[in-house]
Structures are given as C-alpha cells and as structure tokens.
Amino acid sequence: MTVTTISPKNADKKLEPESQPKLEVIAEIHPEYDQGKVIPLEEFLVKPADRMEWVDGNLVEKTGMTFKHGLAQSKLSTYWRNYKDSSGQRGEVLTEVLCRTSKQGRRPDVAYITPELLPESGNFTAFSQSFPLIAEVASPEDSAEELFAKAQEYLESGCLEVWLLFPEARLIFVNAGQRWLLFNADEVVNTQTVLAGFSVAVSELLA
C-alpha cells in the first residue's frame, strides 16, 4: 500500500493564492497532535489517527488504493473469514487494524488473529505485536523492496506467515519465516502455518 507522509509543506510562491494546493496536516486530522511534532509511538498507539501508520516518528497516511487493490483486499478477507468459520478454527479476520511491530505502528491490509491471542475484553485499539497471519496488497505505486522489507518487519515481530499480493502482475508471495514461495496466476496458493488448510486459486483471488 502506498503511504504518503502527512506533514506541513511550504507553498509554491509562484502559484496564485487561489491555485495554492490544500494541505492536510496532522493537526487537522488529529487535533491533539501539533504540526511538525514528532509523536512518540506509545502516544500514537493509545490515540491512533484514522488510516494512519506510525513510521520513524512520523504519521503516514495509507493511500493509493485502486479498484484491483480494494477488490483483492475484500476477497481475501472474506475468504479467510469464511474459512476460519467453516473449519472451526475461530479467531478473527481484520482489515487495516493497528498493530505494533518491533519498529513501527502498522495497519496491515488483511490480518488473522488466532482465538488464543484475542484479548479477553474482545476489544483493543492496537495489537501489541504483529498479527499471526498478515497480507499486504501492492498498489501500482508501491515499491516491491519496501513491501518485502515491511513483511520482514512483521516476521520479526511475532507474525508467523506473510502474504504479499500483486494484483497487476497476478502474483502472490508467501513467507512462513524461512523462505519466499511464489504462486503464479495458474496456481493455487495455500497457507503454510496459520489458518491451516486454506487454499484458493490465484486467478480467482486476483481476477
């Protein structure tokens, strides 16, 4: 998912006042955060701003969602949710819910949390580690290198399995902590360690 840093910028002096771009700043999105202020991770996790991630002390907004991206995210969350119910594995499937990694505050596109890790209260603002099973869906503007780095960050923070979906190329990469497995459009992708037994045709998921 493409991310855009939300921070104040100097307006272009050559532009006429009426053509000046409208700037979104942290203070407008979340009033308690001052412009230009470096937000401590702990503070952000207690009162997270909507659709924001915390990256190196800055708030970044998740943007760049295309039709194919949204469709893949919706399909995968539905497939995982239906399967965990039908297989009796329980737990919950979430979309863009905040979790804390060893470095940042992230909102995975799709995530599955096992019943053993669900808080007794049944509610939380930010999960204290990476979710056991996570999927990120690439947008056309995403850097593959950054996505794989984010996946590694998840795996180092409690995640047991990561899926990277590339709708445009119709490819899916899966890593369960040892090596990357590649699934092409004519293949069936399946879970390796979490939500055991789930499988779906790549062509169906990334149609």
Side-chain angles (χ1 to χ4, degrees), residues 1-3 53-56 60 62 64-66 68-69 71-84 86-87 89-117 127-207:
M1 177 78 75
T2 301
V3 296
E53 293 187 326
W54 187 97
V55 181
D56 298 328
V60 296
K62 298 191 69 172
M65 180 178 288
T66 64
K68 285 187 176 181
H69 179 287
L71 186 60
Q73 181 186 31
S74 176
K75 281 187 174 182
L76 184 59
S77 63
T78 299
Y79 289 156
W80 280 358
R81 185 173 295 107
N82 290 343
Y83 182 76
K84 63 95 176 172
S86 64
S87 64
Q89 296 185 54
R90 299 180 294 116
E92 293 294 343
V93 176
L94 315 165
T95 55
E96 300 187 28
V97 173
L98 188 66
C99 71
R100 176 176 184 164
T101 69
S102 59
K103 301 177 181 178
Q104 321 288 7
R106 300 289 192 182
R107 293 183 183 274
D109 286 332
V110 187
Y112 166 71
I113 182 172
T114 59
E116 296 79 15
L117 291 178
F127 194 50
S128 59
Q129 64 176 61
S130 294
F131 296 105
L133 177 61
I134 285 175
E136 290 283 3
V137 185
S139 72
E141 299 177 359
D142 275 334
S143 162
E145 183 177 357
E146 291 178 354
L147 281 176
F148 280 100
K150 183 185 287 189
Q152 188 60 39
E153 182 184 320
Y154 288 138
L155 291 170
E156 293 172 353
S157 308
C159 181
L160 302 176
E161 184 171 339
V162 178
W163 287 33
L164 296 182
L165 283 62
F166 292 83
E168 296 294 335
R170 301 181 75 192
L171 297 173
I172 297 177
F173 289 85
V174 176
N175 191 323
Q178 297 181 341
R179 61 191 179 90
W180 285 102
L181 302 175
L182 170 62
F183 296 86
N184 294 289
D186 59 348
E187 297 180 309
V188 173
V189 60
N190 56 278
T191 50
Q192 306 298 305
T193 60
V194 186
L195 207 58
F198 172 80
S199 64
V200 63
V202 175
S203 59
E204 181 179 344
L205 184 56
L206 304 180

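- Minimum interatomic distance between Ser139 and His69 (heavy atoms only, all atoms of both residues): N-CD2, 4.1 Å.
- When all heavy atoms of Pro167 and Val137 are compared, the closest pair comes out as CG-CG1, 3.6 Å.
- Within the model, atoms OG1 of Thr101 and CZ of Arg106 stand 6.0 Å from one another, a figure rounded to the nearest 0.5 Å.
- Note that the CG atom of Leu164 and the CG atom of Asp109 stand 10.0 Å from one another [nearest 0.5 Å].
- Residues Gln89 and Tyr83 meet the side-chain proximity criterion, which asks for heavy atoms closer than 4.5 Å.
- Between the CG atom of Leu181 and the CD1 atom of Ile172 there is a distance of 12.0 Å, given to the nearest 0.5 Å.
- Rounded to the nearest 0.5 Å, atoms CZ (Arg107) and CG (Leu94) are 11.5 Å apart.
- Side-chain atoms of Glu187 come within 3.5 Å of backbone N or O of Asn184 as a donor-acceptor pair.
- With a 4.5 Å cut-off on side-chain heavy atoms, Asp186 and Val202 do not count as touching.
- Formation of a donor-acceptor pair under 3.5 Å by the Tyr112 side chain with backbone atoms of Arg81 is not found in this model.
- Looking at residues two or more places apart in sequence or on another chain, you find a side chain to side chain contact (heavy atoms under 4.5 Å, CB included) between Leu117 and Ile113, Thr114, Phe127, Gln129, Pro132.
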Point to revise | Trace of the side chain to side chain contact (heavy atoms under 4.5 Å, CB included) decision for Asn190 with Phe183 | key: CA-CA 9 Å; Asn190 56 278; Phe183 296 86; 4.0 Å; yes
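- Here the closest non-hydrogen pair linking Thr66 and Pro140 is CG2-CD, 3.7 Å.
- Residues Phe173 and Val162 are not in side-chain contact: their nearest non-hydrogen atoms beyond the backbone lie 4.5 Å or more apart.
- Taking the side chain to side chain contact (heavy atoms under 4.5 Å, CB included) definition, one finds that Ser102 meets it with Ser157, sequence neighbours left out.
- Within the structure, side-chain hydrogen bond (donor to acceptor under 3.5 Å, both in side chains) pairs that include any residue of residues 195-207 comprise Tyr79-Glu204 (at least two apart or interchain).
- Considering CG of Leu165 and CG of Leu76, their distance stands at 6.0 Å, rounded to 0.5 Å.
- For the side-chain hydrogen bond (donor to acceptor under 3.5 Å, both in side chains) test, no residue two or more places apart in sequence or in another chain qualifies with Ser77.
- Every residue two or more places apart in sequence or in another chain that forms a side-chain hydrogen bond (donor to acceptor under 3.5 Å, both in side chains) with Arg100 is listed here: Glu42.
- Listed by chain and residue number, nothing satisfies the side-chain hydrogen bond (donor to acceptor under 3.5 Å, both in side chains) test with Ser143 (two or more places apart in sequence, or in another chain).
- Remark: aromatic rings of Tyr154 and Phe131 are distant, center separation not under 6.0 Å.
- Remark: Glu161 pairs with Trp163, Thr193 by the side-chain hydrogen bond (donor to acceptor under 3.5 Å, both in side chains) rule, at least two apart or across chains.
- We find the CD-CD distance between Gln73 and Glu136 to be 9.0 Å, quoted to the nearest 0.5 Å.
- Every pair tested for side-chain hydrogen bond (donor to acceptor under 3.5 Å, both in side chains) that includes a residue from residues 164-183 fails, sequence neighbours excluded, so the list is empty.
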